[in-house]
**Student:** 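Quick one: structure below, then a few questions.
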Amino acid sequence: MKVLAIETSCDETAAAVVEDGRRVLSSVVSSQTAVHTTFGGVVPEVASRHHLELLGPVVADAMTKASVEPGQLDAVAATIGPGLIGSLLVGVSAAKAYAWSWGLPFVGVNHMEGHLHAAFLEDPELSLPTVVLLVSGGHTLLICMQSDGQGGVEYRLLGQTIDDAAGEAFDKVARFLGLGYPGGPAIEREAGQGDATAIAFPRGLAGVGYDFSFSGLKTSVVRYVKAHPEVRVCDVAASFQEAVVDVLVTKARRAAGEVGAKAICIGGGVAANTSLRERVREACVADGRSAFIPSRAMCTDNAAMIGATAWYRLRADGPTPLGAAADPNLKLPLV
Ligand code: KG4
Ligand code: ZN
């Protein structure tokens, strides 16, 4: 079964063709980052306009690269939420139009479920239960991915952020330090020159359950820099990154132990961070557990993960009605 999938929830315009939820025949991502850099963040109205211009060519490119004609497709999928409503609407409307005009089922996919499935795409042997740390610009979730007993997967929420998302903290601190947008890669570059032990920034909610808090850390960075104007920016960046990674890995590791997870998997844009990737790998080696670290391209927004999820959703729930609306606040279905 071949699925054409579209992803336009934020600032990447993406399309992919995925076979049987596993084989990526093509995956095209057109990033708008350069456009939004001028504004220091994603401007929703600008993002929707660019999706409108880019989506047609991106879909055509994905179909050509997969050597697939519309008549060879079995479904058309799109991210239906969560995300920016204007951006979501472009992808959802286009996918419904393609589906209707080609006589194919439409599948609306939850963006976060897409991130959860990204690891399966690169490692079909993924063993359950697995603890997934999903860290992006909008979310910080610790989830137990487990079998539903009927050949499918279900998600149990273990913890989440009570304030800022991890990526949001990277973006805000980068902006404060004058490092530009997007903040994650900018902090990581700067941190490479710095000393991660230079400043002992607080670990939010350390030792307490599985929830996260990053807004106190951000305030602490601002206070420290104002009180020590001579501090090296690279030391602040490295110490901040260390504080975020430390708390993420410590909690994921403890959660994995408690639920008896066979593996820890990471996903979302922040999972592109080298320090986080290395620390998760080290923790898993030490605990005798597998680490599923998807490629950086699979951690950040893409349509291949949407195509993979669509295949599971179509088999479990059937097609999504064409009347279904994009939902900017769509939640993950949890048990
Ligand atoms: O998943 P994603 O591409 O989009 C959302 O759904 O939010 O994640 C984007 C977030 C941004 O906050 C960005 O700063 C962060 O991921 N990010 C990183 C890195 N690359 C992207 N954070 C830390 N280190 C990175 N290398
Ligand atoms: Zn995302």
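Atoms within each ligand, like the ligands themselves, are counted from 1 in listed order. We're numbering straight along the sequence, starting at 1.
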**Student:** With 2.8 Å as the threshold, which protein atoms of type N, O or S lie near the Zn ion (ligand 2)? Leave waters out.
**Tutor:**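 Listed by chain and number, the nearby protein N, O or S atoms are His111 NE2, His115 NE2, Asp301 OD1.
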**Student:** Regarding Tyr155 and Gln146, do their side chains bring together a donor and an acceptor under 3.5 Å, going by distance alone?
**Tutor:**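 No donor-acceptor contact under 3.5 Å links the two side chains.
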**Student:** Under the side chain to side chain donor-acceptor pair (under 3.5 Å) rule, what do Arg289 and Thr130 come out as? Steps first, then yes or no, please.
**Tutor:** CA-CA 10 Å; Arg289 211 170 262 129; Thr130 284; over 6 Å; no
**Student:** Going by atom types alone, do Thr13 and His51 pair a side-chain donor with an acceptor below 3.5 Å?
**Tutor:** yes
**Student:** For residues 68-109, which residue pairs pass the ring pair (Phe, Tyr, Trp, His ring centres under 6.0 Å) check, not counting sequence neighbours?
**Tutor:**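 Applying ring pair (Phe, Tyr, Trp, His ring centres under 6.0 Å) to every pair that reaches into residues 68-109, excluding sequence neighbours, yields Tyr98-Trp102.
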**Student:** Going by the rule side-chain contact (heavy atoms from CB on, under 4.5 Å), which residues pair with Val43 if we only count those two or more places apart in sequence or in a different chain?
**Tutor:**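 For Val43 the side-chain contact (heavy atoms from CB on, under 4.5 Å) partners, ignoring immediate neighbours, are His36, Phe39, Val46.
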**Student:** May I ask you to establish whether Lys218 and Phe176 are in a cation-pi arrangement, using a distance under 6.0 Å from NZ or CZ to the six-membered ring centre and at most 45° from the ring axis?
**Tutor:** no
**Student:** Using modelled atom types and a 3.5 Å cut-off, is there a donor and acceptor pairing between side-chain atoms of Ser9 and backbone atoms of Gly83?
**Tutor:**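 Checked: no pair found.
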**Student:** Is it true that the NZ or CZ of Arg315 lies under 6.0 Å from the centre of Trp311's six-membered ring and within 45 degrees of the ring axis?
**Tutor:**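 Checked: cation-pi criterion met.
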**Student:** So which residues, sorted by chain and number, lie with a heavy atom under 4.0 Å of ligand 1?
**Tutor:** His111, His115, Ser136, Gly137, Gly138, Gly167, Phe170, Asp171, Gly183, Gly184, Pro185, Glu188, Gly268, Gly269, Val270, Ala272, Asn273, Thr300, Asp301
**Student:** Give me the ring orientation class for His117 and Tyr312: parallel if the planes are under 30° apart, tilted from 30 to 60°, perpendicular past 60°.
**Tutor:**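 Rings of His117 and Tyr312: tilted, 30 to 60°.
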